[in-house]
Amino acid sequence: MRTQVGIIGSGPAGLLLSQLLDLHGIESIVLERRSRDYVLGRIRAGVLEEGMVNMLRLAEVGERMDREGLVHEGFEMAFGDRRFRIDLKKHTGKTVMVYGQTELTRDLMEARDARGGRLVYEAEGVAIHDLDTDRPKLRYKKDGLEHEVVCDFIAGCDGFRGVSRRSFPDDVLRTHERVYPFGWLGVLSETRPVSEEVIYVNHWRGFALCSMRSMTRSRYYIQCAFDEDLEEWTDDRFWDALRARLPHEAAESMEIGPSIEKSIAPLRSFVAEPMRHGRLFLAGDAAHIVPPTGAKGLNLAASDIYYLHRAFVDYYKEGRSDLMDTYSDSCLKRVWKAERFSWWLSTVLHRFPDQSTFDRGIQLAELDYLADSEAAQASFAENYVGLPF
Ligand code: RFL
Ligand code: PHB
């Protein structure tokens, strides 16, 4: 089989790239290791930056998001006995959209199906060959048969544990990493959200986050040990732990109910440089990870895809390769700023096991400053709604 762009991974990055390329008349095939249902069963991100929202509309997958997504003009933070709001709209003129990654993935899959997109699920042992030639190949197995796809280019959209990044020669790739000494325990429940806006909580017992997927479906997280046993977290234990960290009024008014999903996510910051080697381009979690605190992971995947699809369009339509040459640098500039923001927010909001009284004092001073300073809030809001791309 022959294609222009071979895409590994059908997460938001891979699907969005194939959709944008198709709208520009560029052929692609998406190879996904998992089943479609498995991909749709993952509960992940929920907050989309305005730049990403606009991109989804351009990609002709924004209709349901515009109908069902919740536009948020601000969010709240709580620490000690203080609770304050950051007004995103006032400080930036922009808003964010609360719309689940699961829904977005479903919209993208349906859009690909409607346009006859080529997606192969349960593709086993996907491997990259002949990367040092101008016709790299993807080989995989499906239903016991071997397949080969000859490509002009390969887009590695296969997440943190994929094969693409590992296909870079050792002497080319530099990696930078920070692993945090805790995780997030997340619960999805068919309950009314405790507040109309997202609430981030710094509590001496540990971080908590109140989010949502709709006005009848809540998404809550609490900081937990990184090696926590999920089995030990009954719903009752989760609700008690969450309530103990929330501001009093919120804890009192929170509706509780059975969980419909419960999972633990580790927290990590990670950057791989460069994001391109020859005809292989990395995008999204394959190249970088942020802790979820700043809600940046999915949005970074989308901005990578913005740069990458433009580079391919320029190549196929104008015969130019300069955007390919600048791809890695353009992405990484934005990536490092989102890494900084996510690291800073994670550092300020979580309880660290080895935290000294000095560290705690600095955390509270950071939050106090943010609560009282319009300048600090404006800078925070600028990052939260997303830096331009
Ligand atoms: P994905 O979504 O991991 O998709 C990669 C796909 O590649 C497949 N794959 C392979 N396919 C073929 N062959 C192989 N060898 C393969 N290896 C892997 C995988 O099965 C998968 O389908 O990466 P992508 O597309 O780059 O998207 C990134 C986002 O999913 C991720 O950054 C976000 O979910 C992060 N994130 C958040 N981001 C936000 O912008 N806002 C948020 O509010 C937000 N909240 C979150 C989050 C991530 C979380 N977790 C679970 C880590 C909250 C949480 C709890
Ligand atoms: C979510 O709704 O899953 C969510 C919201 C805000 C974050 C992270 C995750 O910062």
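Order of appearance sets the numbers: ligands from 1, and atoms from 1 within every ligand.
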Chemist: Going by heavy atoms in the side chains, are I222 and V187 under 4.5 Å from each other?
Modeler: no

Chemist: How does F160 reach ligand 1, by side chain, by backbone, by both or by neither, if only non-hydrogen atoms under 4.0 Å count?
Modeler: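 No part of F160 comes within reach of ligand 1.
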
Chemist: Using distance alone, determine whether T293 and ligand 2 share an N or O pair under 3.5 Å.
Modeler: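 Yes, T293 has an N/O under 3.5 Å of an N/O on ligand 2.
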
Chemist: Whether the side chain of H203 engages the backbone of R205 through a donor-acceptor N/O pair (distance < 3.5 Å, no angle test) should be reported.
Modeler: yes

Chemist: Should the pair E148-R139 be classified as a salt bridge under the 4.0 Å nitrogen-to-oxygen rule?
Modeler: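 Between R139 and E148 there is a salt bridge, with a charged N closer than 4.0 Å to a carboxylate O.
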
Chemist: For atom 46 (C) of ligand 1, which of the options P291, S164, A45, P266 provides the nearest non-hydrogen atom?
Modeler: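 Minimum heavy-atom distance to atom 46 (C) of ligand 1 goes to A45.
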
Chemist: When you check the gap from the basic side-chain N to the acidic O, do R243 and D240 get nearer than 4.0 Å?
Modeler: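 Between D240 and R243 there is a salt bridge, with a charged N closer than 4.0 Å to a carboxylate O.
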
Chemist: Any idea which of R161, R33, R219 brings a heavy atom closest to atom 12 (C) of ligand 1?
Modeler: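 Nearest heavy atom to atom 12 (C) of ligand 1 lies in R33.
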
Chemist: Going through the distances and angles, do F75 and Y384 end up as a ring pair (Phe, Tyr, Trp, His ring centres under 6.0 Å)?
Modeler: CA-CA 10 Å; F75 64 88; Y384 194 85; 4.5 Å; yes

Chemist: What are the atoms of ligand 1, with element, lying closer than 4.0 Å to any heavy atom of Y221?
Modeler: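 Taking each heavy atom of Y221 in turn, ligand 1 has 53 (C), 55 (C) under 4.0 Å.
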
Chemist: Going by an N to O cut-off under 4.0 Å, is there a salt bridge joining R268 and D285?
Modeler: no

Chemist: Tell me, which protein residue and heavy-atom name are nearest atom 2 (O) of ligand 2, and how many Å apart are they?
Modeler: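 Nearest protein contact, heavy atoms only, for atom 2 (O) of ligand 2 is S211 OG, 2.6 Å.
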
Chemist: Does A286 approach ligand 1 within less than 4.0 angstrom via side chain, backbone, both or neither, non-hydrogen atoms only?
Modeler: neither

Chemist: Between the side chains of E261 and R217, is the shortest nitrogen-to-carboxylate-oxygen separation below 4.0 Å, so that they form an ion pair?
Modeler: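 The answer is no: the pair does not qualify as a salt bridge.
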
Chemist: Run the numbers for me: atoms of ligand 1, each under 4.0 Å from some heavy atom of V47, listed by number.
Modeler: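 Within the 4.0 Å cut-off of V47, ligand 1 contributes 41 (N), 43 (O).
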
Chemist: Could you list which atoms of ligand 2 come closer than 4.0 Å to a heavy atom of R44?
Modeler: 3 (O)

Chemist: Please work out, at 4.0 Å between heavy atoms, whether the side chain, the backbone, both, or neither of N299 comes within that distance of ligand 1.
Modeler: both

Chemist: Any atoms of ligand 2 less than 4.0 Å from a non-hydrogen atom of V47? List them with their elements.
Modeler: 5 (C), 6 (C)

Chemist: Under a 3.5 Å distance rule, please check whether D158 uses its side chain to pair with a backbone N or O of I8 as donor and acceptor.
Modeler: no

Chemist: Should you measure from each heavy atom of G11, which atoms of ligand 1 turn up under 4.0 Å away?
Modeler: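 Near G11, the atoms of ligand 1 are 2 (O), 4 (O), 6 (C), 22 (O), 25 (O).
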
Chemist: Which heavy atom of the protein is the closest neighbour of atom 52 (C) of ligand 1, given with residue, atom name and distance?
Modeler: A265 CB, 4.2 Å

Chemist: Note the single closest protein heavy atom to atom 43 (O) of ligand 1, along with its residue, its atom name and the distance in Å.
Modeler: G46 N, 3.1 Å

Chemist: What atoms in ligand 2 come closer than 4.0 Å to a heavy atom of A295?
Modeler: 7 (C), 10 (O)

Chemist: Who's the nearest protein heavy-atom neighbour of atom 20 (O) of ligand 1, and how far?
Modeler: E32 OE2, 2.6 Å

Chemist: Kindly confirm or rule out an N or O of A13 lying under 3.5 angstrom from an N or O of ligand 1.
Modeler: yes

Chemist: I need the single residue from F207, Y200, F226 that forms a ring pair (Phe, Tyr, Trp, His ring centres under 6.0 Å) with H350. Which is it?
Modeler: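 Single ring pair (Phe, Tyr, Trp, His ring centres under 6.0 Å) partner of H350 among F207, Y200, F226: F207.
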
Chemist: Flag the pair Y369 / F380 as yes when their ring centroid distance falls below 6.0 Å, and as no otherwise.
Modeler: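 Between Y369 and F380, the centre distance exceeds or equals 6.0 Å.
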
Chemist: So is there a nitrogen or oxygen of P292 less than 3.5 Å from a nitrogen or oxygen in ligand 2?
Modeler: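 Looking only at distances, the answer is yes, because the N/O contact criterion of under 3.5 Å is met.
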
Chemist: Starting from atom 54 (C) of ligand 1, which protein heavy atom do you reach first, and at what distance in Å?
Modeler: P292 CB, 4.1 Å

Chemist: So, is Y200 polar-close to ligand 2, with some N/O to N/O distance under 3.5 Å?
Modeler: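 Min N/O separation from ligand 2 is below 3.5 Å for Y200.
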
Chemist: Taking atom 27 (O) of ligand 1 as the point of reference, which of G125, G284, P12 owns the nearest heavy atom?
Modeler: P12

Chemist: Nearest protein heavy atom to atom 3 (O) of ligand 2, by residue and atom, and its distance?
Modeler: Y221 OH, 2.6 Å

Chemist: If you take the nearest heavy atom of each of I7, I305, D158, which one is closest to atom 7 (O) of ligand 1?
Modeler: D158

Chemist: Is there a donor-acceptor pair closer than 3.5 Å between any side-chain N or O of Q363 and the backbone N or O of V348?
Modeler: yes

Chemist: Pull out every atom of ligand 1 sitting under 4.0 Å from any heavy atom of I8, numbered as shown with elements.
Modeler: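 Close to I8: 12 (C), 13 (N).
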
Chemist: With heavy-atom distances below 4.0 Å as the criterion, list the atoms of ligand 1 near C157.
Modeler: 5 (C), 6 (C), 7 (O)

Chemist: What atoms of ligand 1 come within less than 4.0 Å of a heavy atom belonging to V163?
Modeler: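 Once the distances to V163 are compared, the set is 15 (N).
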
Chemist: Please check: side-chain N/O of Q4 versus main-chain N/O of E27, any donor-acceptor pairing under 3.5 Å?
Modeler: yes

Chemist: Would you say ligand 1 has an N or O under 3.5 Å from any N or O of A301?
Modeler: no

Chemist: Looking at G297, which atoms of ligand 1 are within less than 4.0 Å of one of its heavy atoms?
Modeler: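 So the atoms of ligand 1 that pass are 32 (O), 35 (C), 38 (N), 39 (C), 40 (O).
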
Chemist: Angle between ring planes, F312 versus F153, binned at 30° and 60°: parallel, tilted or perpendicular?
Modeler: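 Tilted: the ring planes of F312 and F153 meet at 30° to 60°.
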
Chemist: How far is atom 1 (P) of ligand 1 from its nearest protein heavy atom, and which residue and atom is that?
Modeler: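 Ranked first by proximity to atom 1 (P) of ligand 1 is R44 NH1, 3.5 Å.
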
Chemist: Test Y306 against H309 for side-chain contact (heavy atoms from CB on, under 4.5 Å), laying out the working first.
Modeler: CA-CA 6 Å; Y306 172 78; H309 98 279; 4.0 Å; yes

Chemist: For R106, is there an ion pair with E110 - N to carboxylate O distance below 4.0 angstrom?
Modeler: no

Chemist: Which residue from Q101, M52, E49, R42 reaches closest to atom 30 (O) of ligand 1 through any of its heavy atoms?
Modeler: Q101

Chemist: So for atom NZ, which belongs to K142, do other residues, nucleotides or ligands contribute more than 12 heavy atoms lying within a distance under 6.0 Å?
Modeler: yes

Chemist: Could you list the atoms of ligand 1 found under 4.0 angstrom from a heavy atom of L31?
Modeler: 11 (N), 12 (C)

Chemist: Charged N to carboxylate O below 4.0 Å: is that the case for R334 and D304?
Modeler: no

Chemist: Between K90 and E73 (salt bridge meaning N to carboxylate O under 4.0 Å), is one present in this structure?
Modeler: no

Chemist: How far apart are the closest heavy atoms of L23 and R115, and which atoms are they?
Modeler: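 Here L23 and R115 meet closest at CD2-NH1, 3.4 Å.
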
Chemist: Could you pull out, from V30, L17, D285, the option with a heavy atom nearest to atom 26 (O) of ligand 1?
Modeler: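 Shortest heavy-atom distance from atom 26 (O) of ligand 1: D285.
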
Chemist: If we set the cut-off at 4.0 Å for heavy atoms, which region of R213 has an atom near ligand 2: side chain, backbone, both, or neither?
Modeler: side chain

Chemist: Specify the protein heavy atom at minimum distance from atom 39 (C) of ligand 1: its residue, its atom name, and the distance to 0.1 Å.
Modeler: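 Answer, as residue, atom name and distance: L298 N, 3.2 Å.
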
